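Remarks on the structure that follows.
These numbers were taken from a predicted model, which means no experiment stands behind them. Heavy-atom basis, side chains included; hydrogens, waters and symmetry copies ignored.
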Amino acid sequence: MESAHRDLDRTLRAIMAHYTAGTSPHATATAWSDWALHLMRAPGRQLELVERAAQNAAEIWTLALRGAPEDGTLPFKPKDYDHRFTNAGWQQMPFLLWEQGFLATADFWEETTRELRGARKHNTDRVAFMLRQMLDMASPSNFPWLNPEILEAIRETKGRNLTEGFRHFLNDTSRAISHTPPEPVEGFEVGKDIACTPGEVIFRNELFELIQYAPQTDTVRAEPVLIVPAWIMKYYILDLSPQNSLINYLVGQGHTVFAISWTNPGAEMANYGLEDYRKTGIITAVDEVARAVPGQKIHACGYCLGGTLLSIAAATMARDGDDRLASVTLLAAQTDFTEAGELLLFLDESQVAFLEDMMWDQGYLAQPQMAGAFAAIRAEDLIWTHAVRRYLMGLEERATDMTVWNGDTTRMPARMHSEYLRGLFLENRLSAGRFAVEGRVIALKDITAPMFVVGTETDHIAPWHSVYKVKLFTDNDLRFVLTKGGHNGGIVSEPGHRKRHYRIGHRKVGARYQGPDDWLQLHAPQEGSWWEEWAGWLNQHSGAEVAPPKMGRSLAKAPGTYIFQK
């Protein structure tokens with residue numbers, strides 16, 4: 001029975017959430033207490049930590065007394081994605097000593113949260129994450145008098161870098177407080193320079209606009225391609241500049257391409273959930289594509305959470321005997337969330353309830369609140385390196401099509417966010433056989449259409465081991481690709497992109513399961529772009545070439561109107 005004063009409690013928690021950036025203080029306190037209490041009753045573990053501290057201290061004292069070894073071998077190294085100490089000045093004394101001291105400290109605290117018997121791993125991982133955030137604040141790279149790169153800039157510019165950096169700080173702070181969107185960047189105008197593949201909006205409802213792209217070849221493959229982006233991003237990550245637009249590439253390869261452009265919801269759409277996005281979104285889009293290209297099956301492609309939702313839609317269609325999908329492609333999309341990486345650190349019952357109360361108050365989750373969680377996972381690079389270069393080096397960021405897209409933020413309906421956090425991330429219902437659509441459970445193994453699945457090597461949002469697990473829950477013909485790059489950069493990997501490689505494997509119908517690490521060892525990297533592999537695979541699963549279909553009735557020129565919603 002619900003309390004008559006439930007809304008009072010929710011209001012209080014919602015107010016608190018705004019001051020904690022959506023982080024539950026109860027979840028935080030639980031993690032710290034679980035870790036600390038188990039460590040207090042483990043004298044053997046404490047002795048190990050004392051030994052580790054002494055060992056690290058000895059390494060630093062040796063370095064201080066003898067200097068850097070001639071062979072350049074140092075006792076502590078930053079993570080591969082940590083670019084704070086790449087400047088050559090960090091290899092000179094005393095900067096080298098400060099860098100190594102910081103890394104030695106980080107190594108010790110990382111050790112304190114490893115393999116603590118009896119403590120819940122989720123809690124020790126969360127403590128490790130919070131300790132890392134605290135240490136990152138104290139990194140010597142963040143202080144002008146300790147960072148050789150900043151000191152060099154001060155000498156060269158006679159201090160102008162600091163005044164320029166302070167100006168950047170004031171501008172950014174003012175824009176953040178006033179919620180003013182970034183100013184348009186010359187040369188990267190949406191609809192002109194990026195998101196500029198020619199096409200028409202042929203359908204619109206309250207959730208999305210459907211764009212049909214104009215043909216670029218005399219003939220096209222009979223089966224059209226439908227792109228389903230995530231609802232937490234604007235679709236044109238797949239239609240950036242013409243040379244690195246996946247959509248433009250597909251059209252140029254002789255495919256009839258359609259793309260969903262989701263609306264940017266406000267508080268009035270607070271009650272829209274996963275089922276609305278599946279039925280009024282994806283299924284409606286499939287209906288409209290089938291109407292525009294009658295008599296043909298459809299190649300469906302989903303990116304990130306759009307791929308997760310596409311897999312739900314495809315499994316539902318298979319269950320109900322709807323065979324309109326010629327194939328299913330999943331780009332950096334998870335169907336199982338037990339290994340969803342450090343994003344899981346933000347999720348437990350207390351945390352999800354806290355977020356739900358915050359969204360109940362405002363009706364949606366704002367994109368900056370999501371972006372903050374994503375950036376915190378790689379705070380070394382995405383927060384602190386960025387801050388040092390902009391506010392202490394005084395450097396203006398070089399705009400790219402991807403940085404412009406990244407700053408073009410969206411919101412998420414409260415109910416949608418709550419349902420996917422609970423149903424997918426927290427309870428993992430989809431792969432556990434507990435995800436129901438219209439009152440009946442669906443199963444991914446019902447999908448018989450061939451699949452093409454792409455993971456990216458350094459993805460911190462959808463780790464490739466997690467993406468790979470779709471193989472555990474499907475029996476169909478499946479190609480798995482692992483490509484160089486992160487969640488966005490690995491997908492936007494056009495032919496001709498320098499220093500790109502990928503691995504590809506084929507899982508035939510009925511084949512035995514192979515673990516991800518074994519798969520990695522057996523599939524050598526190949527130079528080039530996975531786009532070409534996908535285009536060839538689509539051709540293999542398509543019929544003969546035909547004349548391009550007629551364009552649908554135009555409601556607006558591509559990229560439509562929803563893309564401009566702020």
Side-chain angles (χ1 to χ4, degrees), residues 188-203 208-217 220-221 223-231 233-262 281-282 285-286 288-289 292-293 298-304 306-307 310 326-333 400-402 404-406 408 452 454 483 487-497 529-539 542 548-549 551-552 554 556-564:
F188 296 100
E189 184 180 340
V190 175
K192 178 182 177 183
D193 306 299
I194 53 180
C196 58
T197 303
E200 308 284 345
V201 174
I202 65 167
F203 176 83
F208 74 97
E209 292 181 327
L210 182 66
I211 302 171
Q212 179 181 358
Y213 291 93
Q216 299 177 8
T217 54
V220 297
R221 292 290 176 175
E223 294 84 356
V225 178
L226 172 62
I227 305 289
V228 182
W231 57 90
M233 60 176 67
K234 293 195 175 178
Y235 85 91
Y236 68 92
I237 182 63
L238 301 178
D239 187 27
L240 292 172
S241 304
Q243 71 273 10
N244 64 351
S245 164
L246 179 57
I247 288 174
N248 189 57
Y249 174 79
L250 285 175
V251 176
Q253 293 295 307
H255 293 281
T256 300
V257 179
F258 297 80
I260 289 175
S261 175
W262 298 110
I282 292 180
V286 169
E288 293 301 321
V289 172
V293 189
I298 299 165
H299 295 296
C301 170
Y303 181 29
C304 186
L310 174 61
S327 70
V328 175
T329 297
L330 304 179
L331 308 179
T400 66
D401 48 15
M402 192 172 289
V404 171
W405 167 83
N406 197 52
D408 196 359
F452 193 95
V454 180
T483 183
H487 188 71
N488 297 318
I491 299 302
V492 183
S493 185
E494 70 281 0
H497 197 299
S529 168
W530 66 268
W531 288 15
E532 295 172 320
E533 292 281 358
W534 187 39
W537 181 85
L538 286 173
N539 290 340
S542 299
M551 297 292 290
S554 177
K557 293 288 185 183
T561 60
Y562 284 0
I563 198 174
F564 295 107

Pair listing, salt bridge (Lys or Arg N to Asp or Glu O under 4.0 Å) test, anchored in residues 233-245, at least two apart: Lys234-Asp408

Determine whether [X] and [Y] make a side-chain contact, defined as any pair of heavy atoms from C-beta on separated by less than 4.5 Å.
X: Cys301; Y: Leu238; result: no
X: Ile211; Y: Ile202; result: no
X: Trp262; Y: Val228; result: yes
X: Ile298; Y: Val225; result: no
X: Ser327; Y: Leu538; result: yes
X: Asn406; Y: Val404; result: no
X: Leu246; Y: Ile237; result: no
X: Asp401; Y: Val492; result: no

Looking only at non-hydrogen atoms, find the nearest pair between [X] and [Y] and report the distance.
X: Gly307; Y: Leu330; result: O-CD2, 3.4 Å
X: Ala195; Y: Val190; result: CB-CG1, 4.1 Å
X: Trp231; Y: Gly306; result: CZ3-N, 4.3 Å
X: His255; Y: Ala535; result: NE2-O, 4.4 Å
X: Gly560; Y: Ile563; result: O-CG2, 3.9 Å
X: Phe258; Y: Pro224; result: CE1-CB, 3.8 Å

Does [X] have any ring pair (Phe, Tyr, Trp, His ring centres under 6.0 Å) partners at least two apart in sequence or in another chain, and if so, which?
X: Phe188; result: none
X: Phe208; result: Phe203
X: Tyr235; result: none

Criterion side-chain contact (heavy atoms from CB on, under 4.5 Å) on Ile194 and Glu189, from CA distance to verdict: CA-CA 6 Å; Ile194 53 180; Glu189 184 180 340; over 6 Å; no

Kindly indicate, with the supporting measurements, whether the criterion side-chain contact (heavy atoms from CB on, under 4.5 Å) is fulfilled by Val328 and Phe452. CA-CA 6 Å; Val328 175; Phe452 193 95; over 6 Å; no

Can you list the residues that meet the side chain to side chain donor-acceptor pair (under 3.5 Å) rule with [X], with sequence neighbours excluded?
X: Thr329; answer: Trp534
X: Gln253; answer: none
X: Glu209; answer: Arg204, Thr561

Partner set under side chain to side chain contact (heavy atoms under 4.5 Å, CB included) for [X], not counting sequence neighbours:
X: Ser554; value: Glu200
X: Pro495; value: Tyr249, Ser529, Trp531, Glu532
X: Ala300; value: Leu310, Leu325
X: Ser542; value: Arg221, Glu223, His299

Assess whether side-chain contact (heavy atoms from CB on, under 4.5 Å) is satisfied between Gln212 and Val289, documenting all intermediate values. CA-CA 9 Å; Gln212 179 181 358; Val289 172; over 6 Å; no

Test log, rule side-chain contact (heavy atoms from CB on, under 4.5 Å), inputs Trp405 and Asn488: CA-CA 11 Å; Trp405 167 83; Asn488 297 318; 3.6 Å; yes

Can Asn248 and Gln216 be counted as having a side-chain donor-acceptor contact under 3.5 angstrom?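 Side-chain D/A pair, Asn248 to Gln216: present.
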
Does Glu494 have any salt bridge (charged side-chain N to carboxylate O under 4.0 Å, His left out) partners at least two apart in sequence or in another chain, and if so, which?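 In terms of salt bridge (charged side-chain N to carboxylate O under 4.0 Å, His left out), with neighbours along the sequence ignored, Glu494 is linked to no residue.
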
